[in-house]
**Q** 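Below you'll find the structure I mean.
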Number of protein chains: 2
Amino acid sequence: MNATVTPRYRQVKELIIRRISSGELQPRDRVPSENELVDATGVSRMTANRALRELNDEGYVERIAGVGTFVADFKAASHVLEVRNIAAEIERRGHTHSAIVLFSAQAPGDAAAAAALNIAADAPLSCVRIVHQESGLPIQLEDRYVVPDFAPDFLRQDFRITTPSAYLSSVSPLQEAEHVVRAQMPDAFTKKNLEMSDQEPCLVVTRRTWAHGNPVSFARLYHPGSRFELSGHYTPPGTKTSERHPATGETEND
Amino acid sequence: MNATVTPRYRQVKELIIRRISSGELQPRDRVPSENELVDATGVSRMTANRALRELNDEGYVERIAGVGTFVADFKAASHVLEVRNIAAEIERRGHTHSAIVLFSAQAPGDAAAAAALNIAADAPLSCVRIVHQESGLPIQLEDRYVVPDFAPDFLRQDFRITTPSAYLSSVSPLQEAEHVVRAQMPDAFTKKNLEMSDQEPCLVVTRRTWAHGNPVSFARLYHPGSRFELSGHYTPPGTKTSERHPATGETEND
DNA sequence: TAGTGGTCTAGACCACATA
DNA sequence: ATGTGGTCTAGACCACTAT
């Protein structure tokens, strides 16, 4: 471990990130300008510029020449995390999102959830099971487990309005995400709740998110194969994007 | 269109990218150092530094303090494109890759392929159909269409040794990629070639890649649901990665 | 006019590699 | 000893936006 001093541009970056994570700086809020950072921290303007430029590249803030630097709003923030919100996706397609809460309680999760969250098998978790609908048609069955200490008020949310994913992002910026995508046949419960036809497979996304270096949430997301797809579009930095594809499903990056 | 002059750091970046794309600079080759760029282009060292630093951040090159800057090798290059090679994935898991070429010819593709590649429905395409096996077990049926002009020698490759994806990357660095992931039941042909059981769904990845701003390749990749999954792990820049997950399938990054 | 970000320079010091 | 990348500074000019 070579514990050389942290570079000053990095110190400035972490200063800003802390203010965003703590909620002191909200989306759309103005971030100190380069000159203000020069005065406040004593670094040169080039160093302040590098800090803000990198935060911009990483999606934390948005910079407008001649105007200022601002905390990126939710849309941009979720881009950073590469974790999208099903409700936002549905609305982006011009449809209406609704949700039915099937289950909501503090209880031990199943073995896979406990293992994924690195806790004892009988430890209590905040568990919810929700069916998300796109214009009335079920499109996702969400089976989610959250470490209670991370979000003590989690179960008090109205998940018909706020999705678990959106609430968790608001509690703390997620630092890491892992997901696995599979195709499998639904069990009877899933098939019924997603109103799936016979011989229709599920697209299953298993997602785990981290905050402060620890896994804090585990989710299984079941989607009817005939009504859902994941799409992604990648362009290397510094390339002009070609014409956009007609997105027919949730965009799933990373 | 405000056609202000291109910033000098960007000109230097494009200079290096051109040398890499043209093949003049091969993976592992040494890239001109900051001081050499200062002498060669007349920019200041800070400007040369920014150009090389951004190329490093974008995955084009790898920098080692005290040693030099080098063109990123294939592993890193595919990370840039977020398009992985099935053979490399299989070998990474310690298994052996083999391939069976079912079909290989110049012929018109189907309507979807022609539309995806933006060409006339009856225009000839280089078409191949390949079954990829992991230690003898089929794991991917690849249905690929390539624009002939892009890779004239495409059909002359031995796809038992070089995968289409690997060959296409060697012809020209891919600049853009788009993919869609679906779950669907296999048709009889697919089911047979992938040795799938009854009631087993397919994970289908449809992928389109661009070069020089034009779509050049379209592929449908069918995988048996019971033997394949896509996984991804995302960490925001500047975060220490937590313990790694046991990858059981091809990593699929966008 | 004053403030913002965008870029650029010509120096500088440092830790580290190679020889 | 030389070269490399990593960082930092104190200025500078520019285009743009707001007042």
Side-chain angles (χ1 to χ4, degrees), chain A residues 1-17 19-20 25 28-73 76 237-238 240, chain B residues 1-17 19-20 25 28-73 76 237-238 240:
Chain A
M1 290 303 134
N2 193 352
T4 356
V5 289
T6 309
R8 310 186 70 167
Y9 76 89
R10 192 174 278 278
Q11 294 178 31
V12 174
K13 283 178 66 178
E14 286 167 3
L15 175 76
I16 307 291
I17 290 177
R19 289 197 194 166
I20 295 175
L25 287 175
R28 304 262 182 188
D29 277 2
R30 191 171 166 286
V31 170
S33 72
E34 296 182 1
N35 283 324
E36 288 167 348
L37 287 173
V38 167
D39 294 343
T41 68
V43 302
S44 73
R45 210 200 119 197
M46 275 299 281
T47 300
N49 173 271
R50 177 167 178 185
L52 291 180
R53 179 158 40 82
E54 291 195 359
L55 288 174
N56 178 68
D57 293 343
E58 294 163 13
Y60 287 100
V61 304
E62 191 169 343
R63 314 196 75 189
I64 305 172
V67 182
T69 301
F70 305 89
V71 177
D73 60 10
K240 293 157 289 299
Chain B
M1 287 306 131
N2 193 352
T4 357
V5 290
T6 309
R8 310 186 70 167
Y9 77 88
R10 192 174 278 278
Q11 294 179 31
V12 174
K13 283 178 65 177
E14 286 167 2
L15 175 77
I16 307 291
I17 290 176
R19 289 195 195 168
I20 295 175
L25 287 175
R28 304 262 182 188
D29 277 2
R30 191 171 165 285
V31 170
S33 72
E34 296 182 1
N35 284 323
E36 286 166 349
L37 287 173
V38 167
D39 295 342
T41 68
V43 301
S44 73
R45 211 201 119 198
M46 273 300 280
T47 300
N49 173 271
R50 178 167 176 184
L52 291 180
R53 178 157 42 82
E54 291 194 359
L55 288 174
N56 179 68
D57 293 342
E58 294 162 13
Y60 287 100
V61 303
E62 191 168 343
R63 315 196 74 190
I64 306 172
V67 181
T69 301
F70 305 89
V71 178
D73 60 10
K240 294 157 288 300

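Chain naming here is simple, since letters A, B, ... match the order of the sequence lines and numbering starts at 1 in each.
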**Q** Provide the Watson-Crick or G-U wobble partner of C:dA17, both distances under 3.5 Å; none if there is no partner.
**A**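 Here C:dA17 is not engaged in any pair, so there is no nucleotide opposite it.
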**Q** Nearest to the side chain of A:A65, which nucleotide is it out of C:dT9, C:dG6, D:dG5?
**A**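 So the side chain of A:A65 is nearest to C:dG6.
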**Q** Do the side-chain N or O atoms of B:S44 get closer than 4.0 angstrom to the phosphate oxygens (OP1, OP2) of C:dA10?
**A** no
**Q** Return the nearest nucleotide to the side chain of A:E36; candidates are C:dT4, C:dT9, D:dC8.
**A** C:dT4
**Q** Could you give the CG-to-P distance, from B:N56 to D:dT4, as a whole number of Å?
**A**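 Rounded to whole Å, this separation is 17 Å.
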**Q** If every non-hydrogen atom of B:R8 is compared with every non-hydrogen atom of B:T41, which pair is closest and at what distance?
**A** NH2-O, 3.9 Å
**Q** Looking at every non-hydrogen atom in both residues, tell me the closest pair between B:G59 and B:A72 and how far apart they are.
**A**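 The pair with the smallest heavy-atom distance is O-CB, 3.3 Å.
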**Q** Please figure out whether A:V67 or A:N49 has its closest DNA chain C nucleotide nearer the 5' end.
**A**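 Of the two residues, A:V67 wins.
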**Q** What is the distance, rounded to the nearest whole Å, between atom CD of A:Q11 and atom C1' of D:dT7?
**A** 12 Å
**Q** Please state whether the phosphate of C:dT7, meaning OP1 or OP2, lies under 4.0 angstrom from any side-chain nitrogen or oxygen of A:R53.
**A** no
**Q** Atom CG of A:D39 and atom P of C:dA2: how far apart are they, to the nearest Å?
**A** 17 Å
**Q** Tell me whether the side-chain N/O atoms of A:R8 come closer than 4.0 Å to OP1 or OP2 in D:dG6.
**A** no
**Q** Can you tell me which nucleotide in C:dT7, C:dT4, D:dT9 comes closest to the side chain of B:P7?
**A**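 It is C:dT7.
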**Q** Please pick, from C:dC13, C:dG5, D:dT4, the nucleotide with the shortest atom-to-atom distance to any side-chain atom of B:R45.
**A**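 It is C:dC13.
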**Q** Has A:Y9 got a side-chain N or O lying under 4.0 Å from the OP1 or OP2 atom of D:dT7?
**A**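 Yes, because at least one side-chain N or O of A:Y9 sits under 4.0 Å from OP1 or OP2 of D:dT7.
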**Q** Surrounding CZ of B:R28 (heavy atoms of other residues, nucleotides or ligands, distance under 6.0 Å), is the total greater than 12?
**A** no
**Q** Could you please name the option among D:dT4, D:dG6, C:dC8 that lies closest to any side-chain atom of B:R63?
**A**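 Among D:dT4, D:dG6, C:dC8, the one nearest the side chain of B:R63 is D:dG6.
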**Q** Write down the distance between CD1 (B:I64) and C1' (C:dC16), rounded to a whole number of angstrom.
**A** 12 Å
**Q** Below 4.0 angstrom from OP1 or OP2 of D:dG3, is there any side-chain N or O of B:S33?
**A** no
**Q** Please determine whether a side-chain nitrogen or oxygen atom of A:R10 lies at a distance below 4.0 Å from atom OP1 or OP2 of D:dG6.
**A**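 Checking D:dG6 against A:R10, no side-chain N or O comes under 4.0 Å of OP1 or OP2.
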**Q** Could you give the CD-to-P distance, from A:E34 to C:dG6, as a whole number of Å?
**A**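 After rounding, the reported distance stands at 7 Å.
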**Q** Which heavy atom of B:V31 sits nearest to which heavy atom of B:F70, and what is that distance?
**A**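 For B:V31 and B:F70, the tightest heavy-atom pair comes out as CG2-C, 4.0 Å.
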**Q** Rounded to whole Å, please give me the gap between CG in A:N35 and P in C:dG5.
**A**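 Answer to the nearest Å: 8 Å.
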**Q** Round to a whole Å and report the spacing from CZ of B:F70 to C1' of C:dT18.
**A** 11 Å
**Q** Taking OP1 and OP2 of C:dT7, is either one under 4.0 Å from a side-chain nitrogen or oxygen of B:T47?
**A**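 So the side-chain polar atoms of B:T47 never come under 4.0 Å of the phosphate oxygens OP1 or OP2 of C:dT7.
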**Q** Could you say whether B:M46 or A:G66 is positioned toward the 5' end of DNA chain D, judged by the nucleotide with the nearest heavy atom to each?
**A**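 Checking each residue's closest nucleotide, the 5'-ward one belongs to B:M46.
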**Q** How many whole angstroms separate atom CG of A:L37 from atom P of D:dA10?
**A**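 Rounded to whole Å, this separation is 16 Å.
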**Q** Testing the 3.5 Å rule here: is there a donor-acceptor pair between the side chains of B:N49 and B:R53?
**A** yes
**Q** Of the non-hydrogen atoms in B:I20 and B:V61, which two are nearest, and what is the gap between them?
**A**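 Taking B:I20 first and B:V61 second, the nearest heavy atoms are CD1-CG1, 4.3 Å.
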